[in-house]
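Taking it in order: structure first as structure tokens, then the write-up.
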Amino acid sequence: MTVKEIADILGAEILCCGELADQTQVHSACGSDMMSDVLAFVKDQGVLLTGLVNPQVVRTAEMMDILCVVFVRGKKPDQMMINLATAKGIILLSTEERMYPACGKLYAAGLESGKTV
Amino acid sequence: MSEPIILRYQVDGDDFVSCGHASEDVKRTLKNIGFPASVIRNVSIAMYEGEINMVIHANGGVAEVVIYEDRIVITLTDTGKGIADIEQAMQEGFSTATDAIRELGFGAGMGLPNMKKYSDNMKIESEVGKGTVVTLEFLLND
Ligand SMILES: Nc1ncnc2c1ncn2[C@@H]1O[C@H](COP(=O)(O)OP(=O)(O)OP(=O)(O)O)[C@@H](O)[C@H]1O
Ligand SMILES: [Mg+2]
């Protein structure tokens, strides 16, 4: 699935690196508000869904080689976070969906949960 | 490469927003040198966990990264409150983090075990009231 498809499924706004959305292929995703857990359990999930908004979300994504972060419940990162993500080539999306339906819709569309470490 | 490459960073304890810049720079440097992706990932995750710990538990400190031909050694030195019981701190789920830290997305008690998992050797030296030194070693020849 491409990140563009994810944005379409979630009716999400693409906040940065939109030019990469068509060509970025992802196979699995994870959802968490705890970056500690993302750092401890994520293996090769390309997408992170989260309700947490602070710069460490983008840094955690960078360390875990996550390609796309989806902010749920209509949350929007500030310009500093957008700049950080732009510099790293990480696509940021924002959707009005809550965490559970957002994850459910992507899972139903074939985006798996993948392995954990 | 014969001479080791030495990188040093001041980690500001009051600055949660820019926390991670040292790990970010190390990741970029290792990429530029051309290390395998798996090595870069192990080093980045462990160092970032350590950098976060220095900010949320210890008021910042100094991170030093030495890149040798056959290994990478990271030393995280702080003058924070120290760790009273290191064995306990190493247990998954043990955390003294406040609710304020949890609201920032950290404090699950997974950082130190994760640093152990991603490094080949890890050493913690700590004295209550004086500070903590965490040393991480990553071997490159396997
Ligand atoms: N540099 C440090 N100075 C003082 N105490 C520390 C330091 N690093 C860790 N600790 C102590 O060890 C505990 C466990 O650390 P660990 O990194 O495993 O978990 P955490 O930081 O609380 O949560 P997480 O890493 O999952 O976000 C901390 O809660 C803290 O009490
Ligand atoms: Mg920690």
Side-chain angles (χ1 to χ4, degrees), chain A residues 17 25-28 30-67 69-73 75-90 92 99 114-117, chain B residues 11-12 15-28 30-31 36-57 90-119:
Chain A
C17 300
Q25 285 282 344
V26 290
H27 307 285
S28 58
C30 60
S32 181
D33 290 350
M34 279 299 272
M35 294 306 108
S36 300
D37 288 338
V38 175
L39 288 162
F41 298 112
V42 164
K43 192 171 164 71
D44 50 17
Q45 284 76 357
V47 182
L48 167 65
L49 293 96
T50 188
L52 183 73
V53 185
N54 72 49
Q56 299 313 330
V57 175
V58 179
R59 291 229 163 79
T60 298
E62 193 208 345
M63 299 308 154
M64 303 312 290
D65 302 313
I66 286 168
L67 306 168
V69 178
V70 182
F71 296 100
V72 297
R73 303 192 291 276
K75 303 217 172 171
K76 293 256 168 73
D78 63 13
Q79 195 56 46
M80 189 257 174
M81 289 177 64
I82 291 175
N83 294 347
L84 201 57
T86 303
K88 305 297 170 196
I90 297 170
L92 299 185
M99 181 69 106
K115 295 200 180 86
T116 55
V117 188
Chain B
V11 178
D12 185 350
D15 195 354
F16 178 77
V17 167
S18 66
C19 179
H21 83 272
S23 309
E24 219 177 287
D25 192 69
V26 169
K27 182 161 189 169
R28 189 182 316 119
L30 296 180
K31 253 188 202 165
S38 60
V39 170
I40 297 176
R41 190 185 169 94
N42 294 351
V43 171
S44 307
I45 295 171
M47 168 136 182
Y48 180 61
E49 293 273 20
E51 198 181 344
I52 291 270
N53 276 357
M54 283 206 287
V55 172
I56 64 179
H57 303 301
M90 283 301 301
Q91 276 166 23
E92 285 190 9
F94 176 82
S95 176
T96 58
T98 59
D99 286 348
I101 290 170
R102 289 215 176 81
E103 273 165 32
L104 295 170
F106 294 91
M110 296 304 294
L112 291 176
N114 213 23
M115 289 158 77
K116 184 162 180 69
K117 185 166 73 193
Y118 281 108
S119 61

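Below, read A as the first sequence line, B as the second, and so on, with proteins coming before strands; counting in each chain starts at 1.
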Practice problem: Measure the CD-SG distance between A:Gln56 and B:Cys19 for me, rounded to the nearest 0.5 Å. | Solution: 5.0 Å

Practice problem: Report yes if the side chains of B:Lys27 and A:Arg59 come closer than 4.5 Å at any heavy-atom pair, otherwise no. | Solution: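 They are not in contact (no side-chain heavy atoms under 4.5 Å apart), so the answer is no.
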
Quiz item: Would you say B:Met110 and A:Leu39 make side-chain contact, with heavy atoms under 4.5 Å?
Solution: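 A side-chain contact is absent here, since even the closest heavy-atom pair is not under 4.5 Å.
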
Quiz item: Can you name the closest pair of heavy atoms from B:Arg41 and A:Met63 and give their distance?
Solution: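 Reported closest heavy-atom pair: CG-O, 4.3 Å.
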
Self-check item: Nearest non-hydrogen partners of B:Gly107 and A:Ser36, listed with the distance
Solution: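 It is N-OG, 3.2 Å.
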
Exercise. Tell me, yes or no, whether the heavy-atom count around A:Gln25 atom CD, taken from other residues, nucleotides or ligands under 6.0 Å, exceeds 12.
Key: yes

Practice problem: Heavy-atom pairs under 4.5 Å with chain B are the metric here; pick the option from A:Val57, A:Asp37, A:Val38, A:Asp65 that has the most. | Solution: A:Asp65

Under 4.5 Å from any heavy atom of chain A, what part of [X] do you find: side chain, backbone, both or neither?
X        : result
B:Glu49  : side chain
B:Tyr48  : side chain
B:Leu104 : both
B:Tyr118 : side chain

Quiz item: So, B:Lys117 side chain and A:Ala40 main chain: donor-acceptor pair closer than 3.5 Å or not?
Solution: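 Yes.
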
Quiz item: Is the side chain of A:Glu62 donor-acceptor paired with the backbone N or O of B:Glu24 at a distance under 3.5 Å, no angle test?
Solution: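 Pair absent, no side-chain N/O of A:Glu62 close to backbone of B:Glu24.
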
Quiz item: Under the salt bridge (charged side-chain N to carboxylate O under 4.0 Å, His left out) test, which residues partner A:Asp33, sequence neighbours left out?
Solution: A:Arg73

Practice problem: Select one option (side chain, backbone, both, neither) describing which atoms of A:Met64 are under 4.5 Å from chain B's heavy atoms. | Solution: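 When you check distances to chain B, atoms from both the backbone and side chain of A:Met64 fall under 4.5 Å.
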
Practice problem: Starting from the C-alpha separation in whole Å, work towards a yes-or-no answer on side chain to side chain contact (heavy atoms under 4.5 Å, CB included) for A:Thr60 and B:Phe106. | Solution: CA-CA 11 Å; A:Thr60 298; B:Phe106 294 91; 4.2 Å; yes

